[in-house]
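Structure, as structure tokens:
Counting convention: from 1, in listed order, for ligands and their atoms alike.
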Amino acid sequence: MHKNRIDILGTEFDNFTEKQFHQSLDDDLDLKANKFIVTPNPEIVLSARKDANFSQIINNADYVIPDGIGIIKGAQSLGTPIHERITGFDTLQYLMRAANRKQSKVYLLGSKPEVIQASADKIKKDFPQIDLVGFHDGYFKDEAEIVNEIAEKKPNIVFVALGSPKQELFINKYRNNADAIWIGVGGSFDVFSGTKKRAPKIMQTLNLEWLYRLAKEPTRFGRMLAIPKYMNMINKEKKQRK
Ligand code: UDP
């Protein structure tokens with residue numbers, strides 16, 4: 001899997017189709033493999049450039065998935081195109097379906113107490129074959145207690161929604177406590193639980209999801225400045241490579 005990676009400003013992305021990725025996840029679940037999925041967007045690519053430790057954690061993950069159209073555009077612009085965008089949220093949904101099919105054990109960690117409760121309720125309602133072995137919000141004090149619980153419950157999938165880089169640091173530190181698929185899912189439970197709405201399909205298709213998010217949460221403006229900054233760096237890199 002590590003062979004076919006595409007370097008975008010120092011972050012090395014897998015280059016496969018979503019279908020191939022899903023097939024691979026099915027195999028991992030069947031084999032009870034220990035895997036770590038990261039889903040970097042331009043903001044994460046930029047923060048990895050500033051933090052060698054974080055960068056190493058990302059690049060050493062088993063799957064580095066291009067979340068965000070900025071990654072696809074960047075790859076294209078650098079002359080090393082990536083097959084397709086694969087979002088963290090779609091990956092979460094695929095894993096839920098796969099877990100339901102395989103009656104897998106799932107643990108949820110992160111986001112606000114009411115959001116994680118609503119996510120657990122949704123799983124019980126919409127994915128009744130999933131064995132939900134536990135869940136906890138992301139505002140805990142005692143890390144060891146959570147880790148012990150995860151180790152005890154032996155989940156097949158652990159979803160970690162603590163935002164970046166917190167979730168990646170957490171998974172990197174504790175993944176050996178359970179042979180599971182570990183994935184950092186950022187704010188995905190906010191959407192999965194129905195607490196926040198995802199952009200309408202038409203905006204998703206037009207790659208305007210970012211605009212929808214900005215309209216809903218204007219405080220994201222500062223974070224979104226990462227995108228033009230990232231595009232700028234891509235252009236510089238392109239010139240250097242010529
Ligand atoms: N969060 C958490 N604990 C923390 C900090 C954040 O559980 O200490 C959660 C927060 O409630 C939210 C998610 O982490 O659900 C981060 O969401 P954000 O929108 O920043 O993530 P993105 O999807 O943009 O990476």
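- Ligand 1 lies within reach of Arg223, whose nearest heavy atom is under 4.0 Å from it.
- Of the possible polar contacts, one joining the Asn148 side chain to the Ala144 backbone as a donor-acceptor pair under 3.5 Å is found.
- Of the protein's heavy atoms, Ser111 N, 2.8 Å lies nearest to atom 7 (O) of ligand 1.
- No part of Gln167 comes within 4.0 Å of ligand 1, judged by heavy-atom distances.
- Counting atoms of ligand 1 from 1 in the listed order, those under 4.0 Å from a heavy atom of Gly110 are 7 (O).
- With respect to Asp90 and Arg85, no salt bridge is recorded, no charged nitrogen being found less than 4.0 Å from a carboxylate O.
- For Phe135 and Tyr107, the distance between ring centers is not under 6.0 angstrom.
- For Ala161, the heavy-atom gap to ligand 1 drops under 4.0 angstrom.
- Using a 4.0 Å cut-off between charged side-chain N and carboxylate O, Arg175 and Asp62 make a salt bridge.
- Asn156 places no side-chain N or O within 3.5 Å of a backbone atom of Ala180 that could act as its donor or acceptor partner.
- Closest protein heavy atom to atom 5 (C) of ligand 1: Leu162 O, 3.6 Å.
- The protein atom (non-hydrogen) at minimum distance from atom 1 (N) of ligand 1 is Tyr139 OH, 3.2 Å.
- Between Asp137 and Lys112 there is no salt bridge, since no side-chain N of the basic residue sits under 4.0 Å from a carboxylate O of the acidic one.
- If you check which protein heavy atom lies closest to atom 3 (N) of ligand 1, you get Gly138 O, 2.8 Å.
- Cation-pi contact between Lys122 and Phe192: present, with separation from the ring centre below 6.0 Å and deviation from the ring axis of at most 45°.
- Each of the following atoms of ligand 1 lies closer than 4.0 Å to a heavy atom of Lys166: 4 (C), 8 (O).
- Taking a cut-off of under 4.0 Å to the non-hydrogen atoms of Lys112, the atoms of ligand 1 that pass are 11 (O).
- Residue contacts with ligand 1, taken as heavy atom pairs separated by less than 4.0 Å, do not involve Ser188 at all.
- Only side-chain heavy atoms of Asp190 come within less than 4.0 Å of ligand 1; its backbone N, CA, C and O stay farther off.
- The closest protein non-hydrogen atom to atom 25 (O) of ligand 1 is Gly186 CA, 3.8 Å.
- Between Glu209 and the choices Arg198, Lys216, Lys201, the salt bridge (Lys or Arg N to Asp or Glu O under 4.0 Å) rule is met once, by Arg198.
- No continuous path of hydrophobic side-chain contacts links Ile150 to Leu132 [ILVMFWY only; heavy atoms under 4.5 Å].
- Under 4.0 Å from ligand 1, the heavy atoms of Arg220 that appear belong solely to its side chain.
- In this structure, the protein non-hydrogen atom closest to atom 23 (O) of ligand 1 is Gly187 N, 2.8 Å.
- In this structure, Glu217 places its CD atom where more than 12 heavy-atom neighbours from other residues, nucleotides or ligands lie under 6.0 Å away.
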